[in-house]
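Below: the structure, in structure tokens.
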Amino acid sequence: MVSQSSNNVANASSELALQTENLKVFYGSNLAVRDVTLDIQKNRVVAFIGPSGCGKSTVLRCFNRMNDLIPSARVEGKITFHGTDLHAPSVDPVQLRRRIGMVFQKPNPFPKSIYENIAFGARINGYTGDMDELVEQSLRKAAIWDEVKDKLQESGLALSGGQQQRLCIARAIAIAPEVILMDEPCSALDPISTLRVEELIHELKQQYTIVIVTHNMQQASRVSDCTAFYNAEATETGNKVGYLVEYDETTTIFHNPAEKETQDYVSGRFG
Amino acid sequence: MTTRDPQTLEQNVSPNPDNFSANLDKRYTIDIIFAIAVWTAVVIAIIVLASLLIDVAIDGLPTLDWGFLSNFPSRKPEQAGMKSAIFGSIWMMVTVAVVAFPLGVGAGIFLEEFAADTWFAKLIEININNLAGVPSIIYGLLGLMVFVRLLEPITGGRSLLSGALTESLLILPIIIVATREALRAVPDSLRQAGFALGATRWQVVREQVFPIAIPGILTGMILALSRAIGETAPLITIGALTFISFLPENLQSPFTVMPIQIYNWVSRPQTEFHDIAASGIIVLMVMLLVMNACAIFLRNKFQRRF
């Protein structure tokens, strides 16, 4: 059924950006999430929803191989990015992360100037163009330019939480990624800042493929084209193992899901 | 969930307010008793320290003059000075800093940021923590064997360089531990942000982690040097001289340092020498205070403006 629903989505449109096949992630000997098979198309927004501990962030962190940084983490199954296996020896995680950017749950600007926050990523990736122009462009794209243009040399930490998160988005798009991964980007923000970030996601969709993890179902239904619902089950040893329940167009997931579990979750009966 | 019988656990019953007894008098009395106890501890510590300082000042200040700082040691107490010891100590500190800073900070960065979490790394970690507690005389014996004897062609035997290398070994564990603490205090979210932008490990460390950790690292470094400047035992073990009437010319020169000079004066029978030993202690303490002031200055200077 899982592969079926992912096919539903795949048939709908064109080029695939990311694809997973029977993805499993272990932390040490504990299975954290299993059997994730889904296709993510280019220039779409895909939301991952589900209760806590269902592995949606873990799957997200597989796409830019951030799990490599956790020594005990192990990934099984296949993930491809434009058809290339992410774990192939020819794929370098450092280079990959330039192409697949990430925005974290808690805004984490560097304790440096706003300008330097944007310029850092470009500099370490050997950007040779005009840095001032890149900083302005990135901040404009992240819809924060007007608020910070007069204080580019001030600390990124002096901004409000919502501004900091948009600065982090600007930082992520400054290195021209193709995909942006967002791990609950609004969970630390107030409703107005959340709205601004959501509007931003709508604009960024023209240019980028976006995968967003969210606890907020309204947010998933507002911003995403497709939604993946994850759930978790307890094993005999008491560990929680996450798995993909259903993946389909967002409207289908919220109005006419194939699985009862999904129906229960989106209608607020649990989770 | 406790394993209590659910029937005894009535729902929606809040604790009876009458079961709380304020007993404020007793609680405040204990407060006061404890405050007096810690206050006494502070007073005792300060009195001991102050009487020590005052005693040294009474003995040492009268003989502390420009001549004392600018004269070489002498048989005659009124002509004896600390010049060679002061210069020896300064040479020593600079050499120790140059050797120990890159090694200690480098090792700390490696262990904290680069090393995989293996049993071998843990073994090294335990050993370093233990080394920080090894008596300094043991380092002296090691220095005597390795730097003075085995590496004599390079160090020149009982030289400044041998002494500096021995003291570097002595303070390396302190610097490594301080560096690791400082690095550990940097929030992991910044490393994650760096990695997510396609930075390599070294780029993350150099650009994001190290600048934030540097005030802490410098503080640890100066504290380690403050320990080194007062060390006597390992230098006596490797054979630092106590009577030097010339300044060191290079790293292979024989040398003396302030604590050794003071030790030498104190162990002489004449009371005049005891007085100039007190003057020496004052000079050593001023030097220590200057170093600590430098530490605070550097820390404030490097502390992020952001």
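Note that the coordinates shown come from a computational prediction; the quantities given were computed from them, not determined experimentally.
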Give the minimum heavy-atom separation between [X] and [Y], together with the two atoms involved.
{"X": "B:Ala193", "Y": "A:Phe104", "value": "CA-CE1, 3.9 Å"}
{"X": "B:Glu207", "Y": "A:Lys112", "value": "O-NZ, 2.8 Å"}
{"X": "B:Ala199", "Y": "A:Val94", "value": "O-CG2, 4.1 Å"}

Can you measure from CG (A:Asp68) to CZ (B:Phe195) and round to the nearest 0.5 angstrom? 10.5 Å
Look up atom CE in A:Met102 and atom CD in B:Gln192, then write down how far apart they are to the nearest 0.5 Å. 8.0 Å
What option among A:Arg171, A:Lys106, A:Glu116, A:Arg99 has the most heavy-atom pairs under 4.5 Å with chain B? A:Arg171
Closest-packed option against chain B by number of heavy-atom pairs under 4.5 Å, given A:Leu69, A:Asn64, A:Ile175: A:Leu69
Contact origin within A:Pro109 toward chain B - heavy atom pairs under 4.5 Å: backbone
Which bit of A:Ile124 is near chain B, if near means a heavy-atom gap under 4.5 Å: side chain, backbone, both or neither? both
Do A:Phe110 and B:Leu197 touch side chain to side chain, with heavy atoms closer than 4.5 Å? yes
B:Pro187 vs A:Asn108 side-chain heavy atoms within contact, under 4.5 Å: no
May I ask you to check whether over 12 heavy atoms, not counting those of B:Phe114, lie within 6.0 Å of atom CZ? yes
Chain A contact via B:Arg191 - which portion, at a heavy-atom distance below 4.5 Å: neither
Would you tell me whether B:Gln203 and A:Arg123 have side-chain atoms, one donor and one acceptor, within less than 3.5 Å of each other? no
